[in-house]
Every structure is written in structure tokens, then in C-alpha cells.
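When reading the values below, keep in mind they use all heavy atoms of this one structure, side chains included, and skip hydrogens, waters and symmetry mates. If you're wondering where the values come from, they're calculated on a predicted model, not measured in any experiment. Note on naming: letters A, B, ... go to the chains in the order of the sequence lines (proteins, then strands), and numbering restarts at 1 for each one.
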2 protein chains.
Amino acid sequence: MARNTGQKDAVRRVMKAAKRPLNPQEVLERALADIPGMGIATVYRHLKSLNETGWLVCVDLPGEGTRFELASIAHHHHFKCDTCERVFDVPGCAQDVEGLAPDGFVVDRHEVLLFGVCPDCSTP
Amino acid sequence: MARNTGQKDAVRRVMKAAKRPLNPQEVLERALADIPGMGIATVYRHLKSLNETGWLVCVDLPGEGTRFELASIAHHHHFKCDTCERVFDVPGCAQDVEGLAPDGFVVDRHEVLLFGVCPDCSTP
DNA sequence: GTGGATGCAAACTCTTTGCACCTTG
DNA sequence: CAAGGTGCAAAGAGTTTGCATCCAC
């Protein structure tokens, strides 16, 4: 996937514009505005290659497929609303998270997921 | 799933004996020792109902299917070894994790995942 | 005896892959 | 023009469901 094509540009544009992690289906829906007729397989192929080059990172949440977001955004975590199912970025990081591991475990990465109700859903 | 059957007992026994989160396939393999001929669908059905009653909780990790473990064990988190792929329980919890959420978000649950190398894999 | 539980196989969902055709460089 | 990218459809993996049969109560 080294060649520059309209499809690849569309995926990059969609991911840059996203304010939250997107799944392949959401990426396709947004990319279709630029490239009518684009196929889901092409989305998967580009997400995979952009992830392998380190431009995108995976965001996995319980009970749903993999989402992706830009690798370049600052260290942060995620909040999933139990009501509307949307996923939000949460800036910052708890202290001492990696210190939790028992002696002998070497931690080089961590992920924090919060679950609850987002502002939109808690004030009807 | 309110009736007491050998299959249900087998799933409960397997889960109680497990020292780490198990996926449905692992549960079936262990249950087959007690109930030869048991089907994977029955495992899924019992895992689902035991989860709905709150006896089991889901443990989702990036890049793999859902695992389950007893809900009764103390609040803890998980460590996945990038080398041997095993998943370990990590006792305790970081301070202020739920305080990360921006104003307006109501947090009622959280999950922390650590990734790195376990003691077995770091001392060859 | 009766309704819930089970095993099997088919259905479903999500993701990947094979292939003929099209596009970029 | 050649190498690589694309869309479609089929193939896979994991999970759920329909149904006839079986078993706990």
C-alpha cells in the first residue's frame, strides 16, 4: 500500500478528521462521501497497513470490534458511554498505573478504560 | 438456565478452578473431562447466563475474543505477556483512575490493562 | 408428563483473501 | 507497460440460534 491513491487519501483524511476512535464501518461510511463505490475490503487493507507503519493505533473495547485512531495524539485513554455506546478520548493518565504489576513483571504499555454515562446522556 | 444440570455444574467448576481468565474454547476443553460430548454452544449459553446473573465478568483484551472469570474475586486488573500471550491477574488498583474523566462524565466501572513481559519470559 | 436444557448444524457477523480488472508512476 | 491497488464475492473464525431430542423436577 505504498502508492498514493484516492482511497488511501480518503482513509487518512477521515482518520485525521475523527474526534474519537472509529471502527472500519464508520471509516467506510465517511470515506464514501469522497470516493463513491469504495469497498469495505479496501478500508480494512488501509487500516491494517497504516497500523503496521505506526500511523494508526488499535483501540479495543469489550464487546465490539477493533477501532482505530491516530497514533500521533498525546497519551490518553478512553471512556465508553453505556447508554449511547460512543467512545470518547480522555486526556491524561492516572499516576502509578504501571507500578501495579507485581515484582518480576516488566510493563512497557498500558491501557485504561472507563465506563459510565456521558454528559449528553446524563442530562436529558 | 435455572435448572441444575451436569453441564452447568461443569462450567461453574471449571471457572472456580481457573487461576486466570478463560475463553469459551478453554472452558469447553476443561469441561469435556467431566462431561464427554458436551457442545460449545452449551458453554456459550452458560457463560452468557452466568455473566448476566453477575457470577462471571467479561475480560476483553486487544486482538482476542472474550474471556471470563469469577466476579467474586477482589477488584483487580490484568497483565498480558507480549511473549507468551498468557494473561495474569494483577492485584490492587491505581489511585484516582476514575477521576480522569472530564467534568460531566459519570464513571461507574473501569478496566486497566498492562502489557509487557512476565517473569517467566524475562529470565530465560 | 412438561418445560427447560442440550447437541448439532445452519445462520450471522466481522474480517481476510483470491482474482480479474483498473490505476499510478 | 508493469507493479501494485481495488471491488466483488467467497472463505474463515468466532459466536448465536432454530429445532428435535433429552432429562430434571
### Query
Hey, quick one: are B:Met15 and B:Val59 part of the same hydrophobic cluster, counting side-chain heavy atoms closer than 4.5 Å, chains of contacts allowed?
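Result: no, two separate clusters.
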
#### Entry: same_hphob_cluster(B:Leu61, A:Leu61) at 4.5 Å side-chain heavy-atom cutoff
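Shared cluster, no.
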
List in chain and number order the residues that pass side-chain hydrogen bond (donor to acceptor under 3.5 Å, both in side chains) with [X], two or more places apart in sequence or in another chain; answer none if no residue qualifies.
X       : answer
B:Glu29 : none
B:Glu69 : B:His76, B:His78
B:Asp9  : B:Arg12
B:Asn51 : none

### Steps toward salt bridge (charged side-chain N to carboxylate O under 4.0 Å, His left out) verdict (A:Arg86, A:Asp120)
CA-CA 11 Å; A:Arg86 284 183 298 176; A:Asp120 288 351; 2.8 Å; yes

Distance check needed: [N] [atom2] versus [X] [atom1], whole Å only.
X       : N      : atom1 : atom2 : value
A:Asn51 : C:dT15 : CG    : P     : 13 Å
A:Lys8  : D:dG4  : NZ    : P     : 13 Å
A:Leu61 : C:dC14 : CG    : P     : 15 Å
B:Ile40 : C:dC8  : CD1   : C1'   : 13 Å
B:Gln7  : C:dG4  : CD    : P     : 17 Å
B:Asn23 : D:dT16 : CG    : P     : 13 Å
B:Glu64 : D:dA13 : CD    : C1'   : 14 Å

#### Entry: Contact pattern, 5' to 3', of nucleotides 17-22 of chain D - B, S or - by protein heavy atom under 4.0 Å
BB----

### Query
If the sugar-phosphate is the primed atoms plus P, OP1 and OP2 and the base is the rest, what is the B/S/- string for nucleotides 20-25 of chain C, using protein heavy atoms under 4.0 Å?
---BBS

### Task
Using a cut-off of strictly less than 4.0 Å, decide whether B:His46 has a side-chain nitrogen or oxygen near OP1 or OP2 of C:dA5.
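Answer is no, no contact under 4.0 Å.
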
### Task
Report yes if at least one side-chain N or O of A:Gln25 is closer than 4.0 Å to OP1 or OP2 of C:dT13; otherwise report no.
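For C:dT13, neither OP1 nor OP2 has a side-chain N or O of A:Gln25 closer than 4.0 Å.
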
### Query
A:Cys121 and A:Val117: which non-hydrogen atoms are nearest, and at how many Å?
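So the two residues come closest at CB-CG1, 3.6 Å.
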
### Query
Between B:Gly54 and B:Ala71, what is the shortest heavy-atom contact and its length?
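Smallest heavy-atom distance, with atoms named: O-CB, 3.0 Å.
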
### Task
Would you mind listing every salt bridge (charged side-chain N to carboxylate O under 4.0 Å, His left out) that reaches into residues 102-118 of chain A, with sequence neighbours excluded?
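Those involving residues 102-118 of chain A are A:Arg109-B:Asp82.
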
### DNA chain D contacts among residues 28-38 of chain A, heavy-atom distance under 4.0 Å
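Output list: A:Gly37, A:Met38.
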
### Residues clustering with A:Val57 (ILVMFWY side chains joined when closer than 4.5 Å, directly or via others)
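Once heavy-atom contacts under 4.5 Å are chained together, A:Val57 still belongs with nothing else.
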
### Task
Could you list who else is in B:Val97's hydrophobic cluster, with ILVMFWY side chains joined at under 4.5 Å, directly or through other members?
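Answer for B:Val97: A:Phe79, A:Phe88, A:Val90, A:Val97, A:Leu100, A:Phe105, A:Val107, A:Val112, A:Leu114, B:Phe79, B:Phe88, B:Val90, B:Leu100, B:Phe105, B:Val107, B:Val112, B:Leu114.
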
#### Entry: Those residues that, when tested against B:Asp89, pass salt bridge (Lys or Arg N to Asp or Glu O under 4.0 Å) (two or more places apart)
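So B:Asp89 forms no salt bridge (Lys or Arg N to Asp or Glu O under 4.0 Å) with any residue.
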
### Secondary-structure stems, DNA chain C, at least 3 Watson-Crick or G-U base pairs under 3.5 Å
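Consecutive-pair runs (3 or more) involving DNA chain C: C:1-25 with D:1-25.
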
### Message
Is it true that B:His77 and A:His110 share a donor-acceptor pair across their side chains at a distance under 3.5 Å?
### Response
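Side-chain D/A pair, A:His110 to B:His77: absent.
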
